[in-house]
Structures are given as structure tokens and as C-alpha cells.
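What you are looking at is a predicted structure, and each value in this text was computed from that prediction instead of being measured.
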Amino acid sequence: MAEDNFGFASDKVVKRAAKDIPDTLMSSNSQTSQSPRWSSSDATKTQPSCVGRFMNSKFPISKGYIMVSICFLATILVSGSIFVVSSYGNSLGLDDKLPLFHKTHLQLETNFGDAMKLSEDGADNFLLEGSTNSGSGTDSENPELLISENGNSAIGDRKGGIESCTVEHALMRIYMYDLPPEFHFGMISALPAGRLWPTNASEIPRYPGGLYQQHSPEYWLTADLLTSIYADRRNPCTVVRVKEHRLANAYFVPYFSSLSYNKYSRGGYKARADQNEVLQQRLVKFLLKQEAWKASEGRNHIIPMHHPNSLNVGRQHLRNAMFVVADFGRYSKEVANVAKDVVAPYKHIVPYFHNDNTSFDSRKILLFFQGAIIRKEGGVIRQKLHELLKHEQEVHFTTGNTQSNGVRSATQGMRSAKFCLHLAGDTPSSNRLFDAIASHCVPVIVSDEIELPYEDQLDYSEFCLFVRSSNALKKGFVIKLLKSITSVEWTVMWHNLHQVGHHFEFWHPTQPDDAVHMTWKAVARKISSVNLSIHKSKRYWRSNSGQ
């Protein structure tokens, strides 16, 4: 039998086999051979292994040819699949030597860096640039940004190159109450008469600068939900706003409670302190009348309450709701607790450290802290640690201010330090932790009661050091611990800070796994158990109604 280099019969043999000539084959020189088509010895010596075991000396040629053809087609299919997968991987530009998880993180970090372009000229300016939709730094310029860590698209349907988020694709369907503007964007900038909401993204006013914005998650969540139904939206399909409340699996209350406190109840606004209380009273009265609130007793309602003094009048009445908080330091467990509520990060005040090429050796300050040293409640530890550390070499532990020069000096100091100290203040958390993360300065957390954003998803021990307060107050303990960290260990933590940094950035439009996206996903993980509880409570309503 004539065979090619792969052990298959020649074309002439195939043609003659098709004419029902089972006992003869044409040789390669067209001479007739009288030998049998197959023999057991031929099967084991010359034929492909995948068909050899099916052959015997009497096996008909037509069946043998079919088996060979099947193997040949299988080979083609496998080869083709490998080629397609390989080509697809190359088209994405993935590095064969880099796992997708790390590739995606590096890619995200690069794109976030290009998009932000924050100014460092002043405390108010650098926190506003790049915060709202200006058409730059979005996924239209970086379509690869839309790939999630597991390699799947983080977006809904693709329609003509535009990503759309639909009810079917969204992680959560949320009904947002149409509160009057004075409860939300109207606190920042007046809307035209008769309008409840901005009609497009460019009309959304920017959140006030300075320290106000550290408690601004209320603004970013509201803006994201408001624009979730815009036709040209190109964002992660995490939440979508529904107009019919019966379609919702959660309800959002767009009340800027932190801004209300900052604007009406502190500093030079004491004369108008009652306005903050009036808004809360109106809100409580409104919500308690809503059918959706009554049906769930408020358990599936989401209310931002990030500033520890916000919603001080209404929180007790609305305690069944899911609050979005900074921590739990100012609340009773009945009002707020880690089981039912969600911790969102502060918006950092210092600018994000782009193009950070520092190293263990180039960061000359061992430990950095700049801020208020005298605090009340849990912040007493600041004074005690200051006494222990103020004379240590390589330690910068001073008081500071929140003016532009204070922010600039803090920025420079954090970028020059290996470790940045986060101490409990009036509450267990502060913005300083997120300033450290943005500066890629390894946080040293001395706050025993702190609760951290999305800690069920992030292992903070990979990029932070935790020290119990009792140990921190032992003479020499902190310095000895920090000096025991090797250059290699520190560099790993520094690298991890780069990897997780985007999880603490607030963006509009939202980017995959930024602070807005991560907070919504944290809400989604809570709301599932809430809805389970609500549904189970309704099991017997029909049978109990006759009693």
C-alpha cells in the first residue's frame, strides 16, 4: 500500500476504494498490489495508533478508511483549536509568561495612571481633576480595561461598540428614590426649576474640594446609579437603575448626608444648623410612608452615612437600612454593625503617586505620621505614641494641617517614607490610611477596632502591617518591628500596594473594580442575604391571614 509521510493511503487508493475495490490498493507508481488492505502486523507497525487497535487482518477497507478519516479530522480540529486559542491570546496582547491576574492588575494600574493626571498644585484642585466624566481616561481609549480579573467581560451587551447595561445583565437592579435636589446635587449647585436630576453626565456638578470629599461615597454612588441607564454609558454593569420599584432587588436613598452635615452643621454654618436636621426629618417622614420600606421594614434600603456625625437625627428611625459607613466608632450596634452595613473607603486627600519608581533604599524616612496628635476617645494613643517615637531617628511624627501647604508636605513625606502610621483618632478609621495606600507607603495600622472596606475580598495583611495597641505602647516595639522587615519583604508589600491601589479610587464614569464598583459589589453580597431573610419571612402570609 502506498502511504504518505503520515501513514495515510494515497489519493489514488482513496478513489479506487470509493469504487468498491476492497481487496486491492494502487501503489504510488500505479502498479496493482494483490496483498490484503490491512494485516494485523501492518496495523501495529505502520498505522496510526488511534485506529490500529480496531484493525484486524479481515477488516474491510471502507471501515478502515473511515477510522483513518476520523483520526485525521480529529487531528485537524485539535490543531485548529490550539491555533484559535493561541491567536486570540496574542490578539489580546497577553504575555505568555505572566498570569492573567497579574497582567490585568498591571494593565489597570497603567490605565488608571493615564486617566487620572491629577494636579498637585493645591488641596482643592488635585482632587477634582479627572473625577467626573470629561471624556478622557475612559474605556473608549482603553478597551482592554473592560476585562475583569478572571478574564471575563465586566460589561453587559455590546451594541455597535457601545457597552450597554441592561436589567438582565446587571448584578443588582436598584430603584432610586426621586428626592428633591436639596437632598443631593442641589446642595452643590442649583438645578433648573422643576428638574430633579441632571439630564446628562456633563451636568453633574463636582463635589466640593478639601476635606469635604473624604466622605464623598454618597456622591459617587448616586452619580453612578443615575447614569446607569444612559444610552452611551460605558461602565461595569454592576448596578442598573429601574424605574418600577417592583423590579428592584434593592432601594437606594440619594441623600448626601455627609455633605449636609459638613455644609449646615459645622464650622461657620452654625447659624443654619437646623437645615441639616430639617432634611433628616423630612427624609424619615417620607421613607416610613413608602410601600417598599414597609414591605421590608427598610432592610433592603441603602443609605450613605459615611461621616460619623451624619444622619445623627434620623439614623435611629432608619436603623434597619443598610448604611454605607466609614467605620462603626460612633454608632450603637443596634444602629450600625458589620453584619448588615457596608464599609466604604475614604477618598484620599493626597494625590495618587503615579510613575512611582522609588525603592526601599531611596525612601529615607522609616516611619511617617503628620496630623492631629491630640484627639479624644480612642485617639489618646496618638499622644502616647508621640511621646515614645518623637526622638527616634528616621521617624517623622509631627502635627499637621489640612491647608494646601499641609497636604503638599504630607504628600512629599509619605512618598519619602517606607512606612506610614495609621492611628485611631476620634473613630477607628481615618483618611490617612488611604493617603498612605495612594502614596505606596506601607501602612502600619494601630487601631484595634477598625473595620476595612471589602476585607472579605482583600487580604490587607499583604500590604499593611497591623500592630495591637498594647504592643505599640511598649517602648521600642514599633521601631524594632519595622527594622526587622527586610528590603525584599517591604518591596513585596510595596508592589502589592500598586496592585490594589485602583480599588480605592473613586471615578465617574466608574472603572472596573474601582472604589465605586467594589462598594456596589459589597452591597450586593449583603443584599442577597437580606432578600433571603425577607422572602422567608413571607412564607406563611397566606395561611396566617385567616387566623
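At least one donor-acceptor pair closer than 3.5 Å links the side chain of K340 to the backbone N or O of R319. No donor-acceptor distance shorter than 3.5 angstrom exists from the side chain of S362 to the backbone of T358, with no hydrogens or angles considered. Between the side chain of E182 and the main chain of M187, no donor-acceptor pair closer than 3.5 Å is present. Listed for the E218 side chain is a donor-acceptor partner under 3.5 Å among the backbone atoms of S257. Formation of a donor-acceptor pair under 3.5 Å by the D341 side chain with backbone atoms of V338 is not found in this model. In this structure, the side chain of S228 engages the main chain of R241 through a donor-acceptor pair within 3.5 Å. When atom types are taken as modelled, the side chain of D327 and the backbone of I450 share no donor-acceptor pair closer than 3.5 angstrom. A donor-acceptor pair is defined here as one N or O able to donate and one able to accept, closer than 3.5 Å; such a pair exists between the side chain of N249 and the backbone of R173. Side-chain atoms of Q412 do not come within 3.5 Å of backbone N or O of R408 as any donor-acceptor pair. Judged by distance alone, the side chain of N320 and the main-chain N or O of E297 form a donor-acceptor pair under 3.5 Å.
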Given the rule in the salt bridge (charged side-chain N to carboxylate O under 4.0 Å, His left out) test, do D356 and R363 qualify, once you have shown the distances and angles that lead to the verdict?
-> CA-CA 11 Å; D356 177 9; R363 291 187 174 232; 3.4 Å; yes
After noting the C-alpha distance and the side-chain angles of S533 and R299, does the key distance pass the side chain to side chain donor-acceptor pair (under 3.5 Å) rule?
-> CA-CA 9 Å; S533 176; R299 287 177 291 173; 3.2 Å; yes
Please assess Q370 against S409 for the test side chain to side chain donor-acceptor pair (under 3.5 Å), listing each intermediate value before the final yes or no.
-> CA-CA 9 Å; Q370 181 172 303; S409 63; 2.9 Å; yes
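Results of the side-chain hydrogen bond (donor to acceptor under 3.5 Å, both in side chains) test with H348 over Q214, Q213, E505, R432 single out E505 as the only residue that passes. No option in Y219, F506, F185 other than Y219 meets the ring-ring contact (aromatic ring centres under 6.0 Å, His included) test with Y207. When each of C464, C441, P443, S439 is paired with L497, the side-chain contact (heavy atoms from CB on, under 4.5 Å) condition holds for P443 and for no other. Each of Y175, F252, Y177 was evaluated against H301; a single residue qualifies, Y177, per the ring-ring contact (aromatic ring centres under 6.0 Å, His included) test.
Using the six-membered ring where Trp is involved, Y460 and F463 have ring planes that are tilted, between 30° and 60° apart.
Judged purely by distance below 3.5 Å, without hydrogens or angles, the side chains of N312 and E277 never pair a donor atom with an acceptor atom. A side-chain donor from one of Y261 and N309 sits under 3.5 Å from a side-chain acceptor of the other.
Put simply, the side chain of P208 reaches to within 4.5 Å of the side chain of I188, judged on heavy atoms. Side-chain contact between V240 and H169 is absent, with no heavy atoms from C-beta onward closer than 4.5 Å. Annotation: side chain of T398 is not in contact with side chain of F369 (no heavy-atom distance under 4.5 Å). At a threshold of 4.5 Å between non-hydrogen side-chain atoms, the residues Y454 and P345 count as touching. In this structure the side chain of T222 reaches within 4.5 angstrom of the side chain of F256, judged on heavy atoms.
Aromatic rings from W507 and H502 are positioned such that their centres are separated by 6.0 Å or more.
H306 approaches P217 most closely through the heavy-atom pair CD2-CG, 3.6 Å.
Heavy-atom neighbours of K285 NZ from other residues, nucleotides or ligands within 6.0 Å: at or below the threshold of 12.
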